[in-house]
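FYI, side chains are in, hydrogens and waters are out, and symmetry mates aren't considered; it's all heavy atoms of this structure.
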Amino acid sequence: MGLRDMLRAIREYPAARAELETARSELRQAQQELGQSRETCESLRLTLEEQKDYTKFLSSKAEALQAALEEFCPRLSTPDELKRFYDAISPDMDPSGFTLYRTAKELTGIDVPSCFPYEDNRGLFEEMSGHSLLDWLTAVRFQAVDWEIIPGTTYEAATLREVDTSTPEYQAFEKQLYEKVLGRMGFQDLLEPDRDGPARTPGHPPPQPKRGDTR
């Protein structure tokens with residue numbers, strides 16, 4: 001090495017040493033972060049194992065409760081029993097009632113907004129719960145709707161009447177509705193077996209035609 005090279009090396013030594021210290025510091029920091037990441041991964045792994053164990057416990061508990069229900073609960077057969085059981089579990093399993101409404105819609109072929117265009121255009125059904133929609137569907141199904149012309153317009157507004165829930169036709173509809181809903185929720189083993197064969201949709205007249213604009 002010549003004198004010039006030695007002088008250049010001496011001049012560059014502080015900067016090279018500082019760069020080396022910086023690299024060493026970054027290496028130590030990276031090693032610390034790696035160690036923390038490993039600890040975090042291990043903690044997450046333990047948490048995951050705990051969650052798996054807890055999920056397994058809940059699954060076993062659910063199976064045990066289902067078995068207990070089947071052992072001690074009488075078979076649900078009447079509309080009142082089916083509805084009472086649904087009301088007991090719906091706050092957790094169907095809080096807004098849309099499973100109930102969609103099942104009724106499937107059984108009857110009645111789409112509430114389509115049957116009430118005037119109310120639908122006003123946005124009446126947009127924020128309505130499934131339980132409330134079921135009231136409108138039931139009114140259509142059992143022809144408990146009165147129509148009134150809106151003064152100064154050609155439109156008709158609907159007023160729901162009280163449905164007679166004591167009729168055999170309504171009782172058959174309600175029984176099939178709640179049987180189907182509870183079956184979808186996993187409680188089919190609590191339902192009384194149908195001795196007459198597969199359940200059939202109760203006969204009913206076609207849904208009322210769209211109203212809201214007089215012809």
Side-chain angles (χ1 to χ4, degrees), residues 47-116 119-120 124-145 160-204 207:
T47 300
L48 177 59
E49 291 300 323
E50 291 176 355
Q51 291 298 323
K52 286 182 178 178
D53 290 341
Y54 187 60
T55 300
K56 185 177 180 180
F57 165 74
L58 290 179
S59 178
S60 299
K61 182 179 179 180
E63 292 176 2
L65 289 174
Q66 179 76 14
L69 276 174
E70 293 173 15
E71 179 69 23
F72 295 102
C73 179
R75 295 288 181 174
L76 303 174
S77 58
T78 68
D80 286 342
E81 291 172 347
L82 294 161
K83 186 175 181 180
R84 187 170 63 181
F85 190 89
Y86 169 83
D87 289 341
I89 65 173
S90 61
D92 292 315
M93 301 191 69
D94 190 27
S96 297
F98 281 105
T99 299
L100 191 66
Y101 168 67
R102 292 189 186 106
T103 303
K105 179 180 176 181
E106 177 183 316
L107 289 175
T108 63
I110 297 172
D111 177 64
V112 168
S114 298
C115 294
F116 300 94
E119 287 75 13
D120 186 35
L124 181 65
F125 305 116
E126 291 180 1
E127 302 297 329
M128 193 172 286
S129 71
H131 297 293
S132 297
L133 286 168
L134 180 63
D135 292 337
W136 288 75
L137 182 149
T138 305
V140 174
R141 167 66 179 78
F142 294 96
Q143 302 182 25
V145 183
L160 306 187
R161 300 194 311 272
E162 185 175 355
V163 174
D164 185 356
T165 60
S166 64
T167 65
E169 186 181 15
Y170 180 85
Q171 292 289 312
F173 163 75
E174 190 171 61
K175 183 175 187 292
Q176 186 183 20
L177 172 60
Y178 284 98
E179 281 179 341
K180 196 170 186 67
V181 169
L182 293 178
R184 287 182 171 177
M185 290 180 172
F187 297 100
Q188 61 274 5
D189 292 336
L190 298 180
L191 307 178
E192 184 177 67
D194 186 355
R195 298 178 182 177
D196 299 325
R200 298 182 179 180
T201 303
H204 58 81

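Checking Arg184 against Thr103 by side-chain atom types alone, a donor-acceptor pair falls below 3.5 Å. Between the side chains of Tyr54 and Glu50, not a single donor N or O lies within less than 3.5 Å of an accepting N or O.
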Legend entry - Audit row: Phe125, Trp136, side chain to side chain contact (heavy atoms under 4.5 Å, CB included) steps and yes/no: CA-CA 10 Å; Phe125 305 116; Trp136 288 75; 3.8 Å; yes
Inset, instruction - Apply side chain to side chain donor-acceptor pair (under 3.5 Å) to the pair Tyr170 and Glu174, showing each step before the final yes or no. - result: CA-CA 6 Å; Tyr170 180 85; Glu174 190 171 61; 3.2 Å; yes
Inset, instruction - Check the pair Val140 / Val112 against side chain to side chain contact (heavy atoms under 4.5 Å, CB included), numbers first and verdict last. - result: CA-CA 8 Å; Val140 174; Val112 168; 5.9 Å; no
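Listed for the Glu179 side chain is no donor-acceptor partner under 3.5 Å among the backbone atoms of Leu191. Side-chain atoms of Thr78 come within 3.5 Å of backbone atoms of Glu81 as a donor-acceptor pair (strictly under, hydrogens ignored). With hydrogens and angles disregarded, no donor-acceptor distance shorter than 3.5 Å links the side chain of Ser96 to the backbone of Phe98. Not a single donor-acceptor pair under 3.5 Å links the side chain of Ser59 to the backbone N or O of Thr55. Using modelled atom types, one side-chain atom of Ser90 and one backbone atom of Tyr86 make a donor-acceptor pair closer than 3.5 Å.
In the displayed structure, Glu49 atom CD is contacted under 6.0 Å by more than 12 heavy atoms of other residues, nucleotides or ligands. Counting heavy-atom neighbours within 6.0 Å of Arg161 CZ, excluding the residue itself, gives a total above 12.
Note: Phe142 and Phe173 meet the aromatic proximity criterion, with ring centroids under 6.0 Å apart.
Interatomic distance, Lys83 NZ to Leu76 CG, rounded to the nearest 0.5 Å: 15.0 Å. Taking CG of Leu107 as the reference point, atom CD of Gln176 lies at 5.0 Å (rounded to 0.5 Å). Interatomic distance, CD of Glu119 versus CE of Met128, reported as 9.0 Å (0.5 Å rounding).
In this structure, the side chains of Tyr101 and His131 stay at 4.5 Å or more apart for every pair of heavy atoms. A 4.5 Å side-chain heavy-atom check between Leu190 and Leu182 finds every atom pair outside the cut-off. The shortest side-chain heavy-atom distance between Phe116 and Val145 falls under the 4.5 Å cut-off. The side-chain heavy atoms of Asp94 and Ile89, taken from C-beta on, include no pair separated by under 4.5 Å.
Checking Leu134, Leu137, Leu133 one by one against Leu100, the side chain to side chain contact (heavy atoms under 4.5 Å, CB included) holds for a single residue, Leu134.
Between Arg102 and Glu106 there is no salt bridge, since no side-chain nitrogen of the basic residue lies less than 4.0 Å from a carboxylate oxygen of the acidic one.
The two residues Ser77 and Leu82 have their closest heavy-atom pair at O-CD1, 4.1 Å. Between Gly183 and Gln188, the closest heavy-atom pair is O-OE1, 3.0 Å.
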